[in-house]
Amino acid sequence: MNSYEFVTSPEVAAALKAGKPVVALESTIISHGLPRPSNLEVAREVEDIVRQHGATPATIAILDGKVCIGLTDDQLVAIANRDDIAKASSRDLAIIAATGKSAATTVAATAHLAVLAGIHIFATGGLGGVHRGANESFDESADLTALSDLDITVVCAGVKSILDVGATLERLETLAIGLLGYKTTHFPGFYLTDSGYTIEHQVDSAEEIAAIIGARKSLKTDVHALIVANPVAKEMDRTRHDAILKSGLDAAAKSGIAGKAVTPFLLEHFHTASEGESLKVNIEIIKSNSALAADIAVAVAK
């Protein structure tokens, strides 16, 4: 019977063995989310931020059929620059691994592999969610169903404003996925600090979040994920954001773009139409979330 090869980097293996704090990081943002060469620079910087805050970064990906928990610098370079890097959700993991291919991992896939490796704190940019028009297309990110079944705390800047935020929040509730606002009761909309929806529970420190994680374990609610919504410090100009979103949706409809092709189309539209402003916000989001996730991991390990 064949089994996939699970490779933990020396740095991550040592941290896990010693019971030290570890933060999982997704690799899709490196391969598909940011342009070259800034994608590699940001990947290295984010890992360094995690280290500076007292935790060990574990960027997760599949390279040549090997499931990598933590990447060496050479592997980061490969994810950032190779043209054969697919984008894998959790349903794709076994296929990619068994066929010896390479893929960056989405939120769903990263969270799944992180928990398998014994890592329960994860920093990402924005969560996937329910897409606009999902009542007809049934288009909903696998992030939601994956997180409904995993003991992991995910630090993110809410969901991208191009999604149906209200429907996404309803799904989080239905799936019993916990939701905390970090120093806010406004649910962030990725590029925006406030999506127009409220969060019931606010926390103001990593220590508070660590206490909640401990209580989740005692009360057996840790079979579902916990989302920590951390708004970006400096949002996009709201008027400009709304105008770009409207023009992007109109262009997608006019071009007949539908289903899962809509999100990458709109993200590229935002990047182009905002003249790089959305990209800067994206980078600040992942940096901020990585720092907070490391602080939470350190607090949990105390």
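The shown structure was predicted, so the numbers you read here are calculated from the model rather than taken from an experiment.
Side-chain atoms of D92 come within 3.5 Å of backbone N or O of S89 as a donor-acceptor pair. A donor-acceptor pair under 3.5 Å is formed between the side chain of T174 and the backbone N or O of E170. The main-chain N or O of G248 is found under 3.5 Å from a side-chain atom of H269 such that the two form a donor-acceptor pair. A distance-only check finds no donor-acceptor pair linking the side chain of T184 to the backbone of G181 [under 3.5 Å]. A distance-only check finds no donor-acceptor pair linking the side chain of R238 to the backbone of L192 [under 3.5 Å]. In this structure, H224 contributes its side chain and S148 its backbone to a donor-acceptor pair below 3.5 Å. With hydrogens and angles ignored, the 3.5 Å screen pairs a side-chain donor or acceptor of N81 with a backbone N or O of V77. Between the side chain of N39 and the main chain of A80, a donor-acceptor pair closer than 3.5 Å is present. Side-chain N or O atoms of S38 include one that pairs as donor or acceptor with a backbone N or O of P35 at under 3.5 Å. Judged by distance alone, the side chain of S102 and the main-chain N or O of D64 form a donor-acceptor pair under 3.5 Å.
Side-chain contact between V67 and L113 is present, with heavy atoms from C-beta onward closer than 4.5 Å. Using a 4.5 Å heavy-atom cutoff, the side chains of L169 and L179 are in contact. Contact annotation: the side chain of V7 never approaches that of L63 to less than 4.5 Å [non-hydrogen atoms, C-beta and beyond]. Looking at heavy atoms from C-beta onward, H112 lies in side-chain contact with L93 at the 4.5 angstrom threshold. At a threshold of 4.5 Å between non-hydrogen side-chain atoms, the residues E277 and R240 count as touching. Two residues are said to be in side-chain contact when any heavy atoms from C-beta on lie closer than 4.5 Å; P188 and I199 meet this criterion. Side-chain contact check for V223 versus D149: every heavy-atom pair is 4.5 Å or farther apart. Under the 4.5 Å side-chain criterion, counting only non-hydrogen atoms from C-beta, V22 is in contact with L16.
Of all the heavy atoms in I96 and I62, the pair that sits closest is CG2-CG2, 3.8 Å. Across every non-hydrogen atom of T145 and L175, the tightest pair is N-CD1, 4.2 Å. Of all heavy-atom pairs between I95 and T99, the closest is O-OG1, 2.6 Å. Heavy-atom minimum distance, A206 versus A299: O-CB, 3.8 Å. Closest heavy-atom contact between D164 and A167: OD1-N, 3.0 Å. Nearest heavy-atom pair across L127 and L147 is CD1-CD1, 3.5 Å.
Ion pairing between K183 and E208 fails under the 4.0 Å rule for side-chain N and carboxylate O. Using a 4.0 Å cut-off between charged side-chain N and carboxylate O, D84 and K101 make no salt bridge. Classification of R51 and E11 as a salt-bridged pair holds, one side-chain N sitting under 4.0 Å from a carboxylate O. Using a cutoff of 4.0 Å between basic side-chain nitrogens and carboxylate oxygens, D143 and R171 are not scored as salt-bridged. Ion pairing between a basic and an acidic side chain is recognised when a charged N comes within 4.0 Å of a carboxylate O; D48 and R44 show no such pairing.
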Fill in: salt bridge (charged side-chain N to carboxylate O under 4.0 Å, His left out) between E284 and K234, worked out
CA-CA 9 Å; E284 287 312 307; K234 191 172 186 296; over 6 Å; no

Item to complete: Begin from the C-alpha positions of I60 and L25 and carry the test side-chain contact (heavy atoms from CB on, under 4.5 Å) through to its verdict.
Response: CA-CA 6 Å; I60 292 174; L25 300 168; over 6 Å; no

Item to complete: Please assess F122 against V23 for the test side-chain contact (heavy atoms from CB on, under 4.5 Å), listing each intermediate value before the final yes or no.
Response: CA-CA 5 Å; F122 171 27; V23 172; 6.0 Å; no

Worksheet entry | Derivation and outcome, side-chain contact (heavy atoms from CB on, under 4.5 Å), residues V298 and H53 | CA-CA 8 Å; V298 169; H53 282 255; 5.9 Å; no

Item to complete: Go through K246 and D242 one step at a time and tell me if the salt bridge (charged side-chain N to carboxylate O under 4.0 Å, His left out) criterion holds.
Response: CA-CA 6 Å; K246 184 180 185 307; D242 293 348; over 6 Å; no

Practice prompt. For side-chain contact (heavy atoms from CB on, under 4.5 Å), just list the numbers for T124 and V155, CA-CA rounded to whole Å, side-chain angles, deciding distance to a tenth of an Å, and then say yes or no.
Written response: CA-CA 6 Å; T124 187; V155 181; over 6 Å; no

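Interatomic distance, OH of Y191 versus CG of L245, reported as 10.0 Å (0.5 Å rounding). Taken from CG in L76 to CG in L71, the straight-line distance is 5.0 Å, to the nearest 0.5 Å. Atom OG of S255 and atom CG of D250 lie 10.5 Å apart (nearest 0.5 Å). Taken from CG in D74 to CD1 in I79, the straight-line distance is 12.5 Å, to the nearest 0.5 Å. The distance from atom CZ of R82 to atom OG of S31, rounded to the nearest 0.5 Å, is 11.5 Å. Atom CD1 of I227 is separated from atom SG of C156 by 5.0 Å, given to the nearest 0.5 angstrom.
Linking Ile, Leu, Val, Met, Phe, Trp and Tyr residues whenever their side-chain heavy atoms come within less than 4.5 Å leaves I119 and I213 in two separate clusters. Both V281 and L163 are members of a single hydrophobic cluster when ILVMFWY side chains are connected at heavy-atom separations under 4.5 Å. A continuous path of hydrophobic side-chain contacts links I285 to V107 [ILVMFWY only; heavy atoms under 4.5 Å]. Tracing side-chain contacts under 4.5 Å through hydrophobic residues (I, L, V, M, F, W, Y), one never reaches I177 starting from I209; they form parts of separate clusters. Connection of Y182 to I212 is established within a shared hydrophobic cluster, with ILVMFWY side chains joined at heavy-atom distances below 4.5 Å, either directly or through further cluster members.
Pairs of residues two or more places apart, or lying in two chains, that qualify as salt bridge (charged side-chain N to carboxylate O under 4.0 Å, His left out) and include a residue from residues 21-38 are R36-D83.
F190 meets the ring-ring contact (aromatic ring centres under 6.0 Å, His included) test with no other residue; sequence neighbours excluded.
In this model, no donor atom of one side chain and acceptor atom of the other lie less than 3.5 Å apart for T193 and H186. Side chain to side chain, E268 and T272 meet the donor-acceptor criterion of an N or O pair below 3.5 Å. S27 and T105 are linked by a side-chain donor-acceptor pair at a separation below 3.5 angstrom, with hydrogens and angles left out of the test. Defined by atom type and a distance below 3.5 Å, a donor-acceptor pair is present between the side-chain atoms of T59 and E47.
None of D194, V165, T198 except one satisfies the side-chain contact (heavy atoms from CB on, under 4.5 Å) rule with F187; the exception is V165.
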